[in-house]
Asks: 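For reference, the structure I am asking about is given below.
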Amino acid sequence: MKILGFSGLPRSRTYKRTNLAGLTEREYAIFQGADSAAALVADGRIVAASAEERFNGIKHSEVFPRGAASFCLDAGGLKAEDLDLVAHSFAFGPERSFYEGLSDYYRGMYDAVFAPEVNQRIAEEALGTNLAGRFLPVPHHLAHAASAYLPSGFDESLVLVADGLGERNATSIMIARPGGYDVLEELPAHGSLGLLYGLFTLYLGFWFGDGEYKVMGLAPYGDATKYADVIMDNWVVLEPGGRYSFPILLENPTELDKETYRGALSAMERLLGPIRGEDDPLEQRHMDIAAGVQAVVQTVQMHVLRHFRRETGLRQLCIAGGVGLNCVANGALLRSKLFDDVYVQPAAGDDGAALGAALYAAQVRDGLASASRDPLLGPDSSEKERRTAAAAVPGVDVREFASTDELAGEVAALIDGGAIVGWFQGRMEFGPRALGSRSILADPRRPDMRDRINALVKKRESFRPFAPAVLAEETTEWFEVEQKDVHRFADMLFVAYARKARADQLPATTHVDGSARVQTVSPESNPLFHQLISAFHSRTGVPVLLNTSFNVRGQPIVRTAREAVDTFLSAGLDALVLGDLVLTRTDEEARGDR
């Protein structure tokens with residue numbers, strides 16, 4: 001079967017803006033159905049997947065993924081008429097009476113945004129084909145579950161899906177088997193780990209759905225003991241059977257409160273003090289609150305998983321949903337040894353639900369039993385595109401390298417010399433992490449490198465850390481990672497601690513608490529990236545490169561060679577690698593802000 005999956009609720013943001021006047025832009029950014037994406041599964045194989053933001057340039061885009069769907073179909077050599085199914089990662093049909101019973105606002109939201117027939121029509125218009133009999137709404141958490149379970153390689157597994165909200169549920173626990181999914185527990189909106197973390201994201205002055213990783217990065221600067229108990233005692237109820245609830249999420253009695261969280265934020269102010277404004281300075285209090293909510297999320301997650309690990313006896317775990325991108329919590333779970341094996345979907349958020357919808361449809365309709373773990377599912381570029389993009393750049397020297405050995409050696413030398421390098425190679429990553437296809441790379445040994453990249457290149461907050469990409473075979477020497485777990489760090493989804501004897505050699509990629517969001521790189525996962533890090537290792541004795549996503553603040557990760565060139569110029573990078581071409585600056589004028 002040939003199945004196109006897609007995620008997103010294309011009219012969600014527009015409906016809120018049209019029907020609720022006078023909100024702030026941050027409040028309009030609180031909506032369900034962001035991070036639209038498309039994925040193609042054909043004849044039991046994942047062919048392609050990408051988020052729409054990489055095509056339209058709008059971060060967390062919710063519109064129908066026209067660009068991503070077109071790419072996926074082209075990658076499979078298909079037209080929309082060739083598809084057996086189009087699977088959507090939401091199935092609101094069974095919840096119609098619930099939403100219609102809430103209020104006129106939510107009745108209208110169902111009719112305009114949630115209804116399966118509405119999303120089918122939108123897909124038909126975008127794809128230019130009639131989908132009668134070929135449109136399959138997939139329950140949101142089942143889409144997430146399939147996105148993690150089928151690529152995991154596990155036969156039978158416990159599955160944790162935790163996000164902001166599906167159709168009505170925010171957390172689901174399941175047992176996954178080749179024949180399907182047994183739901184053990186579902187928790188409603190007031191048991192949402194994603195909404196709780198998002199609420200604190202708003203309180204700390206960041207944007208809901210976009211700034212959660214900033215809270216995670218801020219937390220190590222704080223003292224969790226100052227606020228974790230306050231949060232637990234006032235707003236968290238741990239219940240028997242692995243259940244829990246967050247009464248703070250019930251502090252939104254009115255329709256306006258539900259759409260802005262103003263009620264909950266007011267309750268937080270009464271207990272925690274004033275909300276931080278977006279441009280206000282960060283105080284130690286803010287760092288302590290970030291540390292407190294991070295500790296609470298980890299406590300609640302372990303409460304759930306300990307119970308269901310004990311009840312089911314299962315030793316393998318799959319994780320999906322936006323909370324799965326909390327790599328600090330993932331690292332704590334891995335270190336707990338509660339499970340023998342843990343797999344987190346690299347695109348754990350709603351972009352990954354597009355892939356999950358297609359995989360779920362293939363599983364139930366065609367008996368699909370497993371899928372590839374490869375996260376490099378996005379677009380590639382042609383040699384012609386790269387050469388054309390390079391030729392259009394003034395004030396640079398362009399060199400071509402005949403062998404990958406020579407290329408790796410040259411780029412390693414540039415990084416050793418202090419250069420910040422844009423690295424554009426092969427197929428783009430699917431998911432929010434840059435894994436060595438669309439990366440900015442630098443020397444992890446330089447104490448000033450993190451501040452330099454944050455201030456001049458990424459133009460973002462100084463407290464945010466960068467990831468170390470380390471040779472898989474050297475990982476246990478440099479980080480507190482057991483050999484059996486090395487492969488689990490390939491997708492940059494777990495935090496580990498640098499070994500004390502090595503941390504001083506990695507100041508640019510080691511966080512204030514000694515932690516690091518480690519990415520292990522093997523010859524099998526990314527041969528050329530492994531070759532580059534090996535060349536740097538040979539020069540310096542350090543098998544690690546600083547790796548961050550190839551974009552600047554407010555911009556999605558670059559997709560095309562032209563975008564790579566534009567970002568190279570606007571960000572003031574010292575060099576850009578486009579396939580086998582290396583671009584370096586030859587005049588001061590071309591350096592821009594640098």
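Worth knowing before you read on, the calculation uses all heavy atoms, side chains too, and leaves out hydrogens, waters and symmetry mates.
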Asks: Could you work out, with side-chain hydrogen bond (donor to acceptor under 3.5 Å, both in side chains) as the rule, every residue matching N547, not counting sequence neighbours?
Replies: S439, Q519
Asks: Restricting to salt bridge (Lys or Arg N to Asp or Glu O under 4.0 Å), what partner residues turn up for E255, sequence neighbours left out?
Replies: none
Asks: Say whether, by atom type as modelled, one donor and one acceptor occur between the side chain of S7 and the main chain of D35 under 3.5 angstrom.
Replies: yes
Asks: With distance as the sole test, does S157 use its side chain to make a donor-acceptor pair with the main-chain N or O of Q316 at under 3.5 Å?
Replies: yes
Asks: Verify, without hydrogens or angle tests, whether R285 (side chain) and L272 (backbone) share a donor-acceptor contact under 3.5 angstrom.
Replies: yes
Asks: The criterion is side-chain hydrogen bond (donor to acceptor under 3.5 Å, both in side chains); which residues satisfy it with Y221, sequence neighbours excluded?
Replies: R450
Asks: If we count only N and O atoms by modelled type, under 3.5 Å, do the side chains of D350 and H140 hold a donor and an acceptor together?
Replies: yes
Asks: Do R517 and V328 have side chains that approach each other closer than 4.5 Å (heavy atoms only, starting at C-beta)?
Replies: no
Asks: Using the side-chain hydrogen bond (donor to acceptor under 3.5 Å, both in side chains) criterion, which residues pair with R276? Sequence neighbours excluded.
Replies: none
Asks: Looking only at side-chain N and O atoms, does Q363 offer a donor or acceptor that is under 3.5 Å from a partner on Y181?
Replies: yes
Asks: Using a strict cut-off of less than 4.0 Å between a Lys/Arg side-chain nitrogen and an Asp/Glu carboxylate oxygen, indicate whether D491 and R373 qualify as a salt bridge.
Replies: no
Asks: What residue pairs, at least two apart or across chains, pass ring-ring contact (aromatic ring centres under 6.0 Å, His included) with a residue in residues 470-493?
Replies: F489-F494
Asks: When rounded to the nearest 0.5 angstrom, what distance separates CG in D351 from OG in S147?
Replies: 9.5 Å
Asks: May I ask you to say whether R499 pairs ionically with E480, meaning some side-chain N is under 4.0 Å from a carboxylate O?
Replies: no
Asks: Can you name the salt bridge (Lys or Arg N to Asp or Glu O under 4.0 Å) partners of K59, sequence neighbours left out?
Replies: D210
Asks: Looking at every non-hydrogen atom in both residues, tell me the closest pair between F206 and G211 and how far apart they are.
Replies: CB-CA, 4.0 Å
Asks: Just jot down the ring-ring contact (aromatic ring centres under 6.0 Å, His included) partners of Y106, sequence neighbours excluded, or say none.
Replies: none
Asks: In the structure I gave you, are the side-chain heavy atoms of L471 and T520 within less than 4.5 Å of one another anywhere?
Replies: no
Asks: Tell me whether N252 contacts the main-chain N or O of A264 through its side chain, where contact means a donor paired with an acceptor under 3.5 Å.
Replies: yes
Asks: Between R13 and E62, does at least one N-O distance fall below 4.0 Å, as a salt bridge requires?
Replies: yes
Asks: Taking only Lys NZ, Arg NE, NH1 and NH2, and the carboxylate oxygens of Asp or Glu, determine whether R433 and E429 approach each other closer than 4.0 Å.
Replies: no
Asks: Does the side chain of S515 pick up a donor-acceptor pair with the side chain of D513 at under 3.5 Å?
Replies: yes
Asks: So, the side chain of S525 versus the backbone of S522: is there a donor-acceptor pair under 3.5 Å, distance only?
Replies: yes
Asks: Could you measure the distance from the NE2 atom of H60 to the CZ atom of F208? Nearest 0.5 Å is fine.
Replies: 11.0 Å
Asks: For residues D111 and A115, report the shortest heavy-atom separation together with the two atoms involved.
Replies: O-CB, 4.2 Å
Asks: Under a 3.5 Å distance rule, please check whether H307 uses its side chain to pair with a backbone N or O of V304 as donor and acceptor.
Replies: no
Asks: The test is side chain to side chain contact (heavy atoms under 4.5 Å, CB included); show your working for H144 and Q345 and say whether it passes.
Replies: CA-CA 9 Å; H144 274 311; Q345 165 56 239; over 6 Å; no
Asks: Would you call E482 and K337 a salt bridge, using N to O less than 4.0 angstrom?
Replies: yes
Asks: Just by distance, do the side chain of N330 and the backbone of G324 share a donor-acceptor pair under 3.5 Å?
Replies: yes
Asks: For A48 versus C72, what's the shortest heavy-atom pair and its separation?
Replies: O-SG, 3.7 Å
Asks: First locate atom OH of Y28, then atom CG of L20, and finally report the distance between them rounded to the nearest 0.5 Å.
Replies: 6.5 Å
Asks: Give every residue pair that meets the ring-ring contact (aromatic ring centres under 6.0 Å, His included) criterion with at least one member in residues 230-260, sequence neighbours excluded.
Replies: Y244-F246
Asks: Applying side chain to side chain donor-acceptor pair (under 3.5 Å), which residue pairs with at least one partner in residues 193-202 are found, sequence neighbours left out?
Replies: Y197-Q294
Asks: Could you tell me whether a side-chain N or O of T260 sits under 3.5 Å from a main-chain N or O of R262, the two making a donor and an acceptor?
Replies: yes
Asks: side-chain hydrogen bond (donor to acceptor under 3.5 Å, both in side chains) with D340: which residues, sequence neighbours excluded?
Replies: R315
Asks: Yes or no on side chain to side chain contact (heavy atoms under 4.5 Å, CB included) for L317 and D341, after CA distance, side-chain angles and deciding distance?
Replies: CA-CA 6 Å; L317 173 69; D341 207 346; over 6 Å; no
Asks: Go through the structure and list residues passing side-chain contact (heavy atoms from CB on, under 4.5 Å) with A267, not counting sequence neighbours.
Replies: I248, E251, R270
Asks: Could you state the interatomic distance from CD1 (I3) to CG (L136), rounded to the nearest 0.5 Å?
Replies: 8.5 Å
Asks: For T299, what residues pass the side-chain contact (heavy atoms from CB on, under 4.5 Å) criterion, not counting sequence neighbours?
Replies: M232
Asks: Between H303 (side chain) and E239 (backbone), is there a donor-acceptor pair under 3.5 Å?
Replies: yes
Asks: Start with the C-alpha distance between V159 and I173, add both sets of side-chain angles, then the distance that settles side chain to side chain contact (heavy atoms under 4.5 Å, CB included), and finish with yes or no.
Replies: CA-CA 6 Å; V159 179; I173 305 292; over 6 Å; no
Asks: Return yes if some donor-acceptor pair links the side-chain N/O of Y149 with the main-chain N/O of D155 below 3.5 Å, else return no.
Replies: yes
Asks: Any non-hydrogen side-chain atom of V236 less than 4.5 Å from a side-chain atom of I231?
Replies: yes
Asks: In sequence, state the C-alpha distance, the side-chain angles, and the governing distance for M428 and S50, and then conclude on side chain to side chain contact (heavy atoms under 4.5 Å, CB included).
Replies: CA-CA 8 Å; M428 184 176 67; S50 186; 3.4 Å; yes
Asks: Identify the heavy atoms of L493 and P346 that sit nearest to each other, and give their distance.
Replies: CD1-CA, 3.6 Å
Asks: Check V521 against E473 and note the closest heavy-atom contact, atom names and distance.
Replies: O-OE1, 4.4 Å
Asks: Any chance you could measure R243, atom CZ, to L238, atom CG, to the nearest 0.5 Å?
Replies: 12.5 Å
Asks: Atom CD of Q120 and atom CD of E117: how far apart are they, to the nearest 0.5 Å?
Replies: 8.5 Å
Asks: What are the two closest non-hydrogen atoms of A38 and L4, and how far apart are they?
Replies: CB-CD1, 4.3 Å
